[in-house]
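Before any comments, here is the structure.
Atom set for the values below is all heavy atoms of this structure, side chains included, hydrogens, waters and symmetry mates excluded.
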Amino acid sequence: MSRNSKKSTARKSQSAAKYPSRATKKHAKSRRAPPPARGRTTGGNLPPPAGQGKRGEQGYLAYLLRQAQAAARLSMERALADFGVTPPQFVVLTMLRAYPGLSGAELARVALLTPQTVGVIIHNLERSGAIAKAAHPVHGRVLQWTLTRRGQRLLENCRRRTLALERRLAAGLNAKSQIMVRRWLSKIATDLQQA
């Protein structure tokens with residue numbers, strides 16, 4: 001073998017080490033371990049279903065509240081879907097029926113939503129004719145919102161659907177237990193907001 005051919009072969013092997021060919025890359029990919037199956041953790045342990053283990057009575061209160069809220073919200077989304085109303089829109093409609101004349105900022109506070117989210121909700125509800133605005137009698141730049149007749153009818157239809165969810169939430173609780181649960185949930189909200 002000539003000196004030039006030896007140098008050429010050496011260069012090719014160095015180049016191959018630095019820049020592997022596509023075929024080599026494909027082969028390397030096929031030798032990699034397959035990704036873990038969806039829904040499985042890397043340790044092979046699956047979390048228990050809701051209501052068991054740390055997702056049940058052994059769980060942290062804050063997590064259990066979040067889990068219950070997520071389940072209630074999903075049920076409410078399904079119940080309201082036929083009316084084209086989202087749970088946050090339902091909350092805004094409910095608060096306007098209970099406290100007519102709220103401003104956007106006040107609605108954000110009582111609905112537990114950001115002012116930006118309430119702004120979008122107000123825009124959509126006004127466009128659909130469910131709510132109407134009026135200038136504040138003293139502070140003219142502040143807008144007050146109230147339900148229209150159309151909004152009242154929409155809210156009544158939504159309430160009929162959500163009452164079924166309320167009954168499911170209260171299932172198994174007598175009147176005294178319901179009062180205790182309501183008191184406990186209200187106390188959590190007031191205590192944690194003050195902290």
* Checking side chain to side chain contact (heavy atoms under 4.5 Å, CB included) for the pair Arg161/Asn157: CA distance, chi angles, key distance, verdict? -> CA-CA 7 Å; Arg161 290 281 179 90; Asn157 289 333; over 6 Å; no
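- Here the side chain of Thr148 pairs a donor or acceptor atom with the backbone of Gly129 at under 3.5 angstrom.
- With values rounded to the nearest 0.5 angstrom, Arg183 atom CZ is found 12.0 Å from Leu185 atom CG.
- Side-chain contact between Ile131 and Leu93 is present, with heavy atoms from C-beta onward closer than 4.5 Å.
- Between Gln89 and Gly84, the shortest heavy-atom distance links the atoms OE1-O, 3.6 Å.
- By the criterion of side-chain heavy atoms lying less than 4.5 angstrom apart, applied directly or through intervening Ile, Leu, Val, Met, Phe, Trp or Tyr residues, Trp184 is grouped together with Leu192 in one hydrophobic cluster.
- Atoms OG1 and CG, from Thr86 and Asn124 in turn, are 8.5 Å apart once rounded to the nearest 0.5 Å.
- Atom OG of Ser75 is separated from atom CD of Glu166 by 11.5 Å, given to the nearest 0.5 angstrom.
- The hydrophobic clustering, which links ILVMFWY residues whose side-chain heavy atoms are closer than 4.5 Å, places Leu65 and Met180 apart.
- Hydrophobic clustering of Ile, Leu, Val, Met, Phe, Trp and Tyr side chains at less than 4.5 Å, counting indirect connections, keeps Leu169 apart from Leu74.
- Between Ile122 and Trp145 the shortest heavy-atom distance is CG2-CZ2, 3.2 Å.
- Not counting sequence neighbours, the partners of Pro100 by the side chain to side chain contact (heavy atoms under 4.5 Å, CB included) test are Thr146.
- Counting heavy atoms from C-beta outward, Glu156 and Arg97 have side chains that approach closer than 4.5 Å.
- With hydrogens and angles disregarded, no donor-acceptor distance shorter than 3.5 Å links the side chain of Arg168 to the backbone of Leu163.
- Atom CG of Leu154 is separated from atom CG of Leu125 by 8.0 Å, given to the nearest 0.5 angstrom.
- Atom-to-atom distance recorded for Leu80:CG and Arg159:CZ is 10.0 Å, nearest 0.5 angstrom.
- Contact detail for Leu64 and Lys54: the closest heavy-atom pair is CD2-O, 4.3 Å.
- With hydrogens and angles left out, the side-chain atoms of Gln67 and Arg55 include a donor and acceptor closer than 3.5 Å.
- Nearest heavy-atom pair across Gly101 and Glu106 is O-OE1, 4.2 Å.
- Within the 3.5 Å criterion, the main-chain N or O of Leu165 finds no donor-acceptor partner in the side chain of Thr162.
- Here Gln152 contributes atom CD and Leu96 contributes atom CG; the two are 10.5 Å apart, rounded to the nearest 0.5 Å.
- Side-chain contact check for Glu126 versus Lys133: some heavy-atom pair is nearer than 4.5 Å.
- Residues Met76 and Phe83 share a single hydrophobic cluster, defined by chaining ILVMFWY side chains whose heavy atoms lie under 4.5 Å apart.
- When all heavy atoms of Val118 and Gly104 are compared, the closest pair comes out as CG1-O, 3.6 Å.
- A 4.5 Å side-chain heavy-atom check between Leu155 and Phe90 finds at least one atom pair inside the cut-off.
- In this structure, the side chain of Gln194 does not engage the main chain of Asp191 through any donor-acceptor pair within 3.5 Å.
- Leu107 and Val120 fall into different hydrophobic clusters, where Ile, Leu, Val, Met, Phe, Trp and Tyr side chains are chained together by heavy-atom contacts under 4.5 Å.
- Remark: side-chain polar atoms of Gln193 are not paired, donor with acceptor, to backbone N or O of Thr190 under 3.5 angstrom.
- The closest donor-acceptor contact from the side chain of Thr117 to the backbone of Leu113 lies at 3.5 Å or more, if one exists at all.
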